[in-house]
Every structure is written in C-alpha cells, then in structure tokens.
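Single-structure report; data block below.
Residue numbers start from 1 in every chain, and the chains themselves are labelled A, B, ... in the order their sequence lines are given, proteins ahead of strands.
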Amino acid sequence: MADREEFNPAKFEKKWQEKWEKEGIYRTPSKVDPKKKFYCLDMFPYPSGAGLHVGHVEGYTATDIYSRYMRMRGFQVLHPMGWDAFGLPAENYAIKTGIHPQETTNKAIKTFTSQIKSLGLSYDWQREIGTHRPDYYKWTQWFFLLLYKMGLAYKKKAPVNWCPSCQTVLANEQVVDGKCERCGTEVVQKKMDQWFFKITAYADELLEDLKKIDWPESTKEGQRNWIGRSEGALIKFSIFNDQFSNSKEGEQIEVFTTRPDTLFGATYLVLAPEHPLVNKITTSEYQEAVKKYQEETRKKTALQRSALEKEKTGVFTGAYALHPVNGRKLPIWIADYVLMTYGTGAVMAVPAHDERDFQFAKKYQLEIRPVVKPEKGEWNFDEQAFVGEGVNVNSEFLDGLKTKEAKKKIISWLEEKGLGKKDVKYKLRDWLISRQRYWGAPIPVIYCTKCGTKEKPAIIPVPEEDLPVKLPDDVDFKPTGESPLKYSKKFHEVTCPVCGAKGEGVVWRESDTMDTFVDSSWYFFRFTDPKNEKEFASRKAIKIWMPVDLYVGGAEHTVLHLLYSRFFTKVLRDAGYIDFDEPFLKLRHQGLILAEDGRKMSKRWGNVINPDDEVKKFGADTVRLYEMFMGPIKDAKPWSTAGERGIYRFLKKVWRLQYKVKKQLPKEEEERQINKLIAYVGENIERLNMNIIIARFMEFVNYYSSQPYLPFEVWKRLLLVMAPFAPHITEELWARAGLPFSIHQQAWPTYDPKMIADKKVKIAVAFDGKTRGIIEIGKDSSQNEVIEKIKGEPKLAKYLSKTPQKVIFVKNKIINFVGE
RNA sequence: GCCGCGGUGGCGGAAUUGGCAGACGCGCAGGACUUAAAAUCCUGUCCCGCUAAAACGGGGUGCGGGUUCGACUCCCGCCCGCGGCACCA
C-alpha cells in the first residue's frame, strides 16, 4: 500500500501522446475493406489568432470517441484534420499591422495543432491540408474551371451586396438581416461585374435529396426555406396605354403567382421599381413621379427596404394592363414591396386575398374584389385579406370551385390560350463567388483584348497545366475596394494562352479571389487523397472513403457550407467523377458552450474559457470527459468549473481502482454488469449520447470503490470501454496492468446478449394507479407468482385486503390493482 | 408573421416501445480525518404535512383540457424561451 501513487495526469499524458505519434497508431489504414470503412469528419476550423476554443473541443472529442470506437470495432477509419485558412480576419490584421496573412495564418495553425495534439485527439496528421497552400488551391481553381466548362460559372453585371467595411461583395448567404455576417456593417446594393456559380440549376435536386440524408430536422428545414420552392403560374397581361394603342400585340407583363385561382380578384398590377418595362410604359404625365420614386428606392439599403412594419409606398405609372380573361383595365403601379430579384419582378395584386396588396390598396384606395370565400363562416373583406383556401365566387367559370380545382382549371385555361403556364420559382439565387480581396484563391481567368475586343475582352480560362495561379507577394494591404492583386506587377505580367498577346491593358489576369466557401466546398474529397498532384483526389480514393459517414460541426453553416458542399457534390456527379449525390450521410451539430455566467463567451465580457488552461489544470482526459458530460452534444449549455472538478474527482477514483484489482473471477452478477456496460456504451456512442455513458461509468466505478476488490477481467474490460473517452489514463492503467501497448489497438470487448438479460426484475406494485412499492422477482414470473410474492410482503399486502375489480399485469414491469 | 426545436429540483441534466419521475454530476447541509486548511471519505438533499427520526399521507415534469388501469412520454387548445427565415407574390 505504501507505494500508491497519486493521480497526476501531467506525468503520463504527454508521454503517451508522443508514443502514439511515434508509433503512428492513428494513421489511416492503406488496406481498406469497403464494407468496413468509416469516414468521420469534423468541420475544419478557421485558424484564428484567438486559438482553439472549448466549442471546437466538444465536437472534436465526440468524433474522436466515435473514431476510436469504430477502430476498435475493426473498422478502417479516416479521421482527418485541416485548415480553412483563407479569409478576411488575417487580411484585416495585415492591413492594420502589415504582417503578411501567410505569416499570421501559419502561426495560428501551429498553435491550433499543438492545442489539438494536447487533447489526445486521434487525427491522422499525415493527411493534414490547408486551403491556403498552393497544392490545395490549385484544385480549388481546377473546380472553378470545371464549373466554367460545364456552363455553371459565369460572369455577369448585376446588383450585388457590397460591404463598405470589408470592401468586398458578399454572397446572399453572407448577408444576415441586411448586414455583413462578418463585421455587422449594413450592406449596400451595387451594380458590379461579378462571377457566379449556377447553384440554382440544382435547386430542385438540393431540395429533393434532403429526404435521403440523416440530418437534424432544423438544418434540413433551414435549407428548404432558403431554397424556397413555390409552385404557381406565370400569367401574361397585355399593356394598354396611348403609346401602345397602335401596336396590336403591344408589350406584355409577365407575373408569377402562387394563387392563380384568385386571378379574377386582381385589381391592379405592381412592378418592382427597377423593372425594365417601367420606363417604357410610364405615360408622360407620370414620368416625373416615377423617376423620383425609382431614385428613392435606389438609395435605400436592403435593410431599409425590407423594414418590418414599414408602410407600403408606390406610384401609379399612368399605364393599364388588360385582364387576360375579361379585358378589365387594371392600373399598373410601381412599389418597392415588389422585388426585382424574385419571380418576374412583377405581381398581379389581389388585395382581397393578399396581406400586402390589401395594405397597399387601402392606402391608395384601389379596388378590393373578393373572389374566394371561406368554406365555413363569413369574412369581412373591409377589415382584412382572406389568404386561406376556400371556394371561388365572382370568378366566372371558376365559381363554386374549391381553391385546388380552381387553380388547376385556370392554369389549363391559360395554357390553352397561350396566356400563361404552370411554373415553379425559387428564392435561391446564384452564388456570387468573387471577392475583392487578397487572401483567397485567385480566380483562374485571363482577359485578352486581342482575342476579344477593347470593349469586350475575351474570357480565357487559365489552362489546367498552368495551375495553380499563385498569389503574388508584392502587394499592399490597403482596402481600396479592389483586390490588392490588381496592383501586383508580377501578377499581371501574363501572355494570352490562346493568341500569345501580352502587355498592359492588352492582356491581364482576373484580380478577384474566390469566396472562402469555395475552398471548403470540396475539402472533404481532398482528405481522401491529400497528396495527389494529378487530381483533386483519385477516383479510387473517393470510391473507398466517400461519402462521409459522420459529420459534426456547428449549426451556423446551414445555408452556407452545407448547401454549397452538396452543390459541388452534385456537380462532380454530373461531370462523371463520382456516382453518389450526397456528401454527408449523417450530420450532427454541437451546441454553443456558454460561459459560467450563462452569456456567450466573449473577450468583451472576460468570460472565455481557454481549453489550454483547463488541460494544464486538470489534464486532457478531464477536459474531454467534462465536455462530453455537460449534456447532449446538440444543446447549448453553460460551462461549470465545479462540474469539471467533479470529473477530475471521478478520474481519481478510477485511478485508485487499480489498487483493488485482484486476479479473481467475477461473480455472476458482476459478469452480467460488465456485459451490460459494454452493450450500453456501444449503443450510446452510436447515438452520440456521451453524457449518459459517462454517468454509467460513474455508477460502475462507484460500485467497485465500495467493494473489497475488483476482478481483473472486469477491470480490463472497463478500461477498454473507457478508452475512447479518456485515452490517456486508460493507456496508463492498461500498461500498469501489464497489458501490451496499445489499448487503442485492442478489439472492442464483446458481450453475451443472453448474459445481459437480468434474471430478476423489479416490478412496481400499484393500487389504483399509485405505486406503493417495488418487489424483486424472477424474470417472466406469472401474475399469480407476483401476487403470491406481494402477499408475503406485509407493507404491500395490507393494500391487498380490498377486493380489486381488475388487475392490470404487465410482465416484468408493473402490476396494478384497480379498485372500485 | 411563418418554420424548426425546446420547457423536468437551487444548477447541468436522466427516464429504449406509455409502466418506480429526478439516474449521474454540481451545489448545499451535517459528520470523519487534520493544530488548521486543502484533498479525501461517509451521510442527507423534489416540495408540503405529521414526526425526535422514521413509518405514513398528500402534491409534483410550463398552463388548461382529453385518451388510458396508468401520461414527462400520446391527442386538442394556450403560454413562455431559443434558433432560422422574413414584403419571396
């Protein structure tokens, strides 16, 4: 007893980490049985200067446990880590300090790496990737060319979101509440010539395939909303005004509506102020007012324009449209509540059946014409619009039809006359990928005025063999609104790969870089074959490892990374590189870890928990275990240093158990309990229910802490099932038990399903539904046996004296005597 | 406003298909060891009543109903919190 050692993780954690690395025990196997492969992926981090935070650790520990468990189960596991290294913070820092992003990024990567290693996470570091390295972004550029070849990348002058602070354009997905998701500055609209990826070509499939994948419902729902599919009809209205009176055909306005059944309730049309027809149709009388309104709209930010309770505004154009069925004259207005970016930028207004049209009609005293009545009850159309489904009235040949039939009938009528058709619209818009920034992958395109003209230079994709187009280092980091690449001499000294022309103003490179979300849209493919110099990844490697079996990361990427990655995967499939269409089969999110005070962790509040400090205080196993014990992975939960100490105490108890181990056979009940534990741990790892597993470990350890000895065969298996959770202490205790290195290369212990079944069960004894006690009795005992047993227990038998009306007996669960 | 998720002790949270509500941990209280503290160990800890203490009785999973022998769990109607979307025609 004298030679008992105190638990001191500092004494052995580092030692084992070094040994694991030296022996390479976490390397991805080279021989892989396709049926026993497992690709377990974390969302790779942006290596920020602030270092790893406890939120990272939570997700990484969960996947680490899963990976270790699968390895022990005999699976070949791919569990890699890398860096989403391009991005604004490093560049903004460079603007402030002049330190090159390359330098700050590499320094941050170093810090992250050592922090991650100090937690004993079982990544295969030989597969590490960084999106800022030329051997990686070469392939990001290759993807750009692939999309370009497939007609899925195009350049277009369009109104785009511009962040005045970041001095760059942003994707729709990066604008949150009209503000830049990075810096919170209000975004303004600018018309610019920019590169887009045609994600809308996959809108329907991106929606449909959500059915195929095991993702949190909230995330799927988020994507569904973002894609925003609406079924409806396109309807053509001819324009009627003096200017067009001598042309029989005239101009037509096309509107999109999800409620074609309300066509007879249309009393006016509204165009978006930017609609191209506005200037053509406006009569001279109204020209001034219209111009003025357009001007006002242009000045508004996206935020102002979509302001919540804002009163509707608009002006009349002087023009009229003709109702396609009965030729009624409908005034044409413009209003900023109609958006150019959705549908056709024009709507038929049905104030009786649309909230917004109703408000507008009230304000400008336009006609409100009810054409759908609720099936039950009355409706006061003076007070509010009726937007529900019902039965048509005042609708000529639609009268008496229910909404669904009315829709069908009017659509076929319109189609017959060539005045409209069934149609589907999406909210999803194409992905704007160019950024006027330095720290990203250059867009591999050359402009040549010789191949094209001075006014319209030809777009020449950089030939594949010339990739990567490297970032130059002779740049100034000043926010000018243009990419710093524009002012790099080196970068622009280029000859046209087609005609060989060169010279300033004759041939030059595209100076924008790609959105960093392009980098992360394919990184999971690269991990399967990270050193490949000929392909982004070999077909063979992809076939072995993809798709990802388990993906864990934050929920904030719902409509960004997680949507873009699905898009890229579908593109690759259509290009013939792969034969599946979803990259991530099972996705789980980790919730936010809050500070002890319940607020978000933030430098500003001074309440940030740094995983490094915690590892120093308690060791890696404690930090890992504590983060898993806090609660369900997906929930937001506050940190508790006291709770963390509780885990430390638990590990101390585990440590002390080594002095109780005896080479004695376990009793039957003990053997059953360890079998049960093995089954329980496995099942719940697969469900990612780590918190309740740890609770079971505690119960188990508490039991043996109070026993005179712990049988060696139980000890061995306890260490094995705990190994994925607390890899250091279990390795140490495994070695101390004289067992061979490494515990992490042992097979997962088996259990006997027959053994698990308890011989005795506890049955709740209830009278009139009230539980009065518990009896313990042999499994599968009959009702009579149970009643006999109850008679033997005075405490319970006293309730029995009454004669029950009915006895409810559920085998092995409960017996309930129901009285009067 | 719409959609999604949730509401259980002082706190974080347990409760496989409806069957002992509160596992496990924290905190707190009392005790042991110690000159003392830390560490460790033991006991207690949902609320109310009756108790010296128990036994015992009653109440209890956001609120109000319902189904059922039995509801944290299922159904209907509300309230509150979190997250996402938001003039999308």
May I ask you to say what A:Lys653 touches in the nucleic acid, namely base, sugar-phosphate or nothing, with a heavy-atom cut-off under 4.0 Å?
sugar-phosphate

Select base, sugar-phosphate, or nothing to describe what A:Gly646 touches, counting heavy atoms under 4.0 Å on all strands.
sugar-phosphate

So A:Val338, base contact, sugar-phosphate only, or nothing? Heavy-atom distance under 4.0 Å.
base

Taking any strand in view, what nucleotide pairs with B:C74 in a Watson-Crick or G-U wobble way, both distances under 3.5 Å?
B:G66

Quick check on the 6.0 Å ring-centre criterion: do A:Phe697 and A:Phe650 meet it?
no

Is there a Watson-Crick or G-U wobble partner for B:C24 with both distances under 3.5 Å, and if so, which one is it?
B:G12

Base, sugar-phosphate, or nothing: which does A:Ala766 touch, judged by heavy atoms less than 4.0 Å apart?
nothing

If only side-chain N and O atoms of A:Arg656 are considered, is one of them under 4.0 Å from the OP1 or OP2 phosphate oxygen of B:C41?
yes

Have a look at A:Asp357 and say if it touches a base, only the backbone sugar-phosphate, or nothing, with a 4.0 Å heavy-atom cut-off.
nothing

Write down the partner of B:G57 under the Watson-Crick or G-U wobble criteria, each distance required to be under 3.5 Å.
B:C48

Taking any strand in view, what nucleotide pairs with B:C87 in a Watson-Crick or G-U wobble way, both distances under 3.5 Å?
none

Phosphate OP1/OP2 of B:U68: any A:Asn816 side-chain N/O under 4.0 Å
no

Any strand, both distances under 3.5 Å, Watson-Crick or G-U wobble: B:G6 pairs with B:C80

Nearest atoms (heavy-atom pairs only) where A:Ile756 meets A:Ala679
CD1-CB, 3.4 Å

Look at the side chain of A:Asn225 against the base of B:C85 and say whether a donor-acceptor pair falls under 3.5 Å; ignore hydrogens and angles.
no

How is A:Lys634 classified with respect to the nucleic acid when contacts are heavy atoms under 4.0 Å: base, sugar-phosphate, or nothing?
nothing

A:Arg224 side chain N/O closer than 4.0 Å to the phosphate oxygens (OP1, OP2) of B:G84?
no

A:Lys637 NZ to B:G13 C1': how many Å, rounded?
11 Å

Donor-acceptor pair (no angle test) under 3.5 Å: A:Lys312 side chain, B:C87 base
yes

For A:Leu339, answer base if it contacts any base atom (sugar-phosphate contacts may also be present), sugar-phosphate if it contacts only those atoms, and nothing otherwise; contact means non-hydrogen atoms under 4.0 Å.
base

Please evaluate residues A:Phe264 and A:His323 with respect to the criterion ring-ring contact (aromatic ring centres under 6.0 Å, His included), reporting the C-alpha separation (whole Å), side-chain torsions for both, the decisive distance (0.1 Å), and the verdict.
CA-CA 8 Å; A:Phe264 291 95; A:His323 191 280; 5.4 Å; yes

If you look at every strand shown and take non-hydrogen atoms under 4.0 Å, does A:Ala764 touch a base, only sugar-phosphate, or nothing?
sugar-phosphate

A:Ser230 vs B:A89: side-chain N/O to OP1/OP2 distance below 4.0 Å
yes

Classify A:Pro216 by what it touches in the nucleic acid, base, sugar-phosphate, or nothing, heavy-atom distance under 4.0 Å.
nothing

Should A:Lys652 be listed as having a side-chain N or O under 4.0 Å from OP1 or OP2 of B:U40?
yes

Side chain of A:Met698 only, please: which of B:G25, B:A23, B:C87 is the nearest?
B:G25

Re B:A32: Watson-Crick or G-U wobble partner, both distances kept under 3.5 Å, found to be B:U40

